[in-house]
Amino acid sequence: AQEAKQSVVLQEKARSIALQEKALKLEEKNIKLKQQALELRQKELEYYVERYSNITTQASILAGFAFDSLVELEIPNNVYERRPFFVSLYYIAASSTMALSLYTVCVSSFATVYGHRLALQGPTGSVDRAVAVMMKQRTGIFVTFGVAMACLVVAAIAMAWIKMDFAHCNEDGSGCK
């Protein structure tokens, strides 16, 4: 009877050890899966950071083009009188380009800095939250950048129309037909 008890106790211990080993292996697999998911989210975060950094650079260049054209373009006085639509279109489009580009620069820079900061210094699960914030801002950033580019094209067309329409004028604005 004593041997039977010892045999039952040994079997129970063996089962317990086997269950603990299975639980440990399962826990190791869960840890590996969590690490892989975190690495994937980190790559996704880096993807958004890189894209936003690129669009920030491009938007700042657009804003510079718009500012330079607003400051440097000299429109003769008689052009205001003869082609007010194109002059107004030019100023509206160039100003919109600058405003939308600066908005894009601000929002994408903030999203990049905030996303990195949250991912590095936030609590558990903050990388997921950082990626979610950057994904949420994606549409707004790309739409404003696209509209800024379209406005730049409109401003360039209006500027070309103004300049070419009056290319045959004298420097003082006289002699225009």
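Owing to the predicted nature of the structure, the values given are computational and were not obtained by experimental measurement.
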For the residue pair Phe110 and Tyr114, does the interplanar ring angle fall in the parallel (under 30°), tilted (30 to 60°) or perpendicular (over 60°) class? parallel
Hey, what do you get for CD1 (Ile55) to OH (Tyr48), rounding to the nearest 0.5 Å? 12.5 Å
Side chain proximity check, Leu73 to Lys163, heavy atoms < 4.5 angstrom: yes
Ser108 and side-chain hydrogen bond (donor to acceptor under 3.5 Å, both in side chains): which partner among Thr56, Thr144, Asn54? Thr56
Got Arg83 and Ile162 here, is their nearest side-chain heavy-atom distance under 4.5 Å? no
Looking at Ser101 and Met98, would you say the former's side chain and the latter's main chain have a donor-acceptor pair under 3.5 Å? no
Donor-acceptor pair, side chain of Tyr52 and main chain of Val105, under 3.5 angstrom: no
d(His116 NE2, Gln121 CD) to nearest 0.5 Å is 12.0 Å
What distance do Leu40 atom CG and Asp128 atom CG have between them, rounded to the nearest 0.5 Å? 9.5 Å
Check this for me: Phe142, atom CZ, are more than 12 non-hydrogen atoms of other residues, nucleotides or ligands nearer than 6.0 Å? yes
Residues Tyr90 and Ser69: side-chain donor-acceptor under 3.5 angstrom: yes
Is Val113 reachable from Met134 through a run of I, L, V, M, F, W or Y residues, each pair having side-chain heavy atoms under 4.5 Å apart? no
Between atom CE of Met159 and atom CG of Leu89, what is the distance when rounded to the nearest 0.5 Å? 11.5 Å
Nearest 0.5 Å please: distance from the OG1 atom of Thr124 over to the NZ atom of Lys34. 9.5 Å
For a 4.5 angstrom cut-off between non-hydrogen side-chain atoms, does Ile31 reach Glu27? yes
Is it true that a side-chain atom of Ser126 and a backbone atom of Leu118 form a donor plus acceptor pair closer than 3.5 Å? yes
Please check if Val107 and Tyr47 belong to a single hydrophobic cluster, counting links between Ile, Leu, Val, Met, Phe, Trp and Tyr side chain heavy atoms closer than 4.5 Å. yes
So, does Ser16 use its side chain to make a donor-acceptor pair with the main chain of Glu12 at under 3.5 Å? no
Neighbour count >12 (heavy atoms, 6.0 Å) for atom OH, Tyr103: no
Can a donor-acceptor pair be found, under 3.5 Å and without considering hydrogens, that links the side chain of Ser109 to the backbone of Cys106? no
Same cluster (ILVMFWY, side-chain, under 4.5 Å), Ile157 and Leu70: no
Taking all atoms of both residues into account, what is the closest heavy-atom pair of Ser53 and Thr112, and its distance? OG-CG2, 4.3 Å
Distance from Leu33 atom CG to Leu38 atom CG, nearest 0.5 Å? 12.5 Å
Hydrophobic clusters here meaning ILVMFWY residues chained together by side-chain heavy-atom distances under 4.5 Å, can you tell me if Ile17 and Val9 are in one? no
Shared hydrophobic cluster for Val87 and Leu152 (ILVMFWY, side-chain gaps under 4.5 Å): no
For the student: nearest non-hydrogen atoms of Gly115 and Ala130, plus distance: O-CB, 3.4 Å
Is Arg41 paired with Glu44 through a side-chain N to carboxylate O contact shorter than 4.0 Å? yes
